[in-house]
> 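Once you've had a glance at the structure underneath, I'll fire off some questions.
Note that this is a predicted model, so its numbers are computed, not measured. Reminder, nothing fancy here: chain letters follow the sequence lines and each chain counts from 1.
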There are 2 protein chains.
Amino acid sequence: MKKVISDVGEKLRAKESKLTTRRELVLKVLLENNGKHLSAEEVYNLVKLRAPDVGLATVYRTLELFQEFDLIQTIDFGDGRKRYEFGPEAGENHHHHHLICIKCGSIIEVNEDLLEELENRVSKKHNFTVTDHQLKIFGVCEQCKKPK
Amino acid sequence: MKKVISDVGEKLRAKESKLTTRRELVLKVLLENNGKHLSAEEVYNLVKLRAPDVGLATVYRTLELFQEFDLIQTIDFGDGRKRYEFGPEAGENHHHHHLICIKCGSIIEVNEDLLEELENRVSKKHNFTVTDHQLKIFGVCEQCKKPK
DNA sequence: TTGGGTGCAAACGATTTGCATATTT
DNA sequence: AAATATGCAAATCGTTTGCACCCAA
């Protein structure tokens, strides 16, 4: 993790930005909760545990900054707030998808990427250069199917 | 279109709701602009042309009602507002996907659905019953690739 | 007449912004 | 010192809600 942080530091410095204590904390929180799809407020609360005087605005600004640097990705599960996750590893086409349970709201990550063929077809047909994609699959999860 | 409207009327009446003049106008606007992914405010403005005294709230309430009746679907292109579209034909698994140009923001609809195999795999693996899915493909559209 | 439907304005919740202050180099 | 970062509070923006009035069955 140290490596990630210093790498990020370099990236930021390259564009006259600083990796301040606050920003580093936001980054750590994101790293430590990788896969949890935190909302801005959740990040804020976690950061506040270690730096009780942070402002919510700083968290938002930091998240925006990280997005500009392609360090994090935002996802929208349709619950009215954006969620943030670290990665995907820069440049990689390392997509993962989400199963969203319409009963309990839980999110399951799926790491298979079977969209290549579809993408190829589509990009030929429409002369569209694909850079990214997002797939959300809605349904009912294992837990919610169990009879009680 | 008349048929659609009267069908909708029946559907609503079946659950002690009424297809009022206002609601019919909202429905017409949606039908006439099928494929345009209107936002609530856009619908509102179009309805206001024919009924200058509508309230924005009514439009929101109507859109919500139509959703409950599965008449329309909402999509979120990540621009901070929900967008609405008529269909898909009730019950059908008639999904279509969207190509979103990251330069000009235009949306291209794709009517192929090649996700079945992926869905099958995923639902077996996670014991997840799929009810719906949403695919957004980001990239650069034909227009935006043209040198000027 | 009775219950839903509607407009208006106020309320909301997530996010953004202005500004004066604090921090980093 | 110069420039960026930050906290706070106020502002925004899309959307929702409370309420008094309106309308259709």
> Charged N to carboxylate O under 4.0 angstrom, Asp76(A) versus Lys136(B)?
no

> Tell me: CZ of Arg23(B) to P of dG7(C), nearest whole Å?
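Value for this atom pair: 11 Å.
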
> dT24(C), dG7(C), dT15(D): which one has an atom nearest the side-chain heavy atoms of Leu56(B)?
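Nucleotide nearest to Leu56(B)'s side chain: dT15(D).
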
> I need the CD-P distance between Glu24(B) and dA24(D), as an integer number of Å.
13 Å

> Check the phosphate of dT6(C) against Arg22(B), side-chain N and O only, distance under 4.0 Å to OP1 or OP2. Yes or no?
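It does not, given that no N or O in the side chain of Arg22(B) lies less than 4.0 Å from OP1 or OP2 of dT6(C).
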
> Do the side-chain N or O atoms of Tyr60(A) get closer than 4.0 angstrom to the phosphate oxygens (OP1, OP2) of dT16(C)?
no

> Just say parallel, tilted or perpendicular for the rings of His133(A) and His97(A), cut-offs at 30° and 60°.
tilted

> dT25(C) phosphate, OP1 or OP2: any side-chain N/O from Thr20(A) under 4.0 angstrom?
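Checking dT25(C) against Thr20(A), no side-chain N or O comes under 4.0 Å of OP1 or OP2.
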
> Would you mind classifying the nucleic acid contact of Ser39(B) as base, sugar-phosphate or nothing, using non-hydrogen atoms under 4.0 angstrom?
nothing

> Measure from CD on Glu64(A) to P on dT16(C) and round the result to the nearest Å.
6 Å

> If you check the Glu41(A) side chain, which of dA14(C), dG7(C), dA9(D) turns out closest?
dA14(C)

> Rounded to whole Å, please give me the gap between CD in Gln67(B) and P in dT15(D).
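Distance check: Gln67(B) CD to dT15(D) P gives 11 Å.
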
> Give the rounded distance in Å between these two atoms: CG of Leu25(B) and C1' of dT6(C).
14 Å

> Between Arg61(A) (CZ) and dC19(C) (P), how many Å, whole number?
13 Å

> Yes or no on side-chain contact (heavy atoms from CB on, under 4.5 Å) for Gln73(B) and Asp132(B), after CA distance, side-chain angles and deciding distance?
CA-CA 11 Å; Gln73(B) 247 194 323; Asp132(B) 195 11; 3.8 Å; yes

> For residues Glu32(B) and Leu30(B), determine if any side-chain heavy atom of one lies less than 4.5 Å from a side-chain heavy atom of the other.
no

> Please tell me which of the listed nucleotides, dT15(D), dG7(C), dT6(D), lies nearest to the side chain of Thr62(A)?
dT6(D)

> Just the rounded figure in Å: distance from P of dC8(D) to CG of Asp53(A).
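It works out to 7 Å between those atoms.
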
> Between Arg83(A) and Glu42(A), is there a side-chain N and carboxylate O pair less than 4.0 Å apart?
yes

> For Leu63(A) and dT16(C), give me the distance from atom CG to atom P, rounded to whole Å.
10 Å

> Between Tyr84(B) and Thr21(B), just flag the one whose closest nucleotide in DNA chain D comes earlier from the 5' side.
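Nearest nucleotide further toward 5': that of Tyr84(B).
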
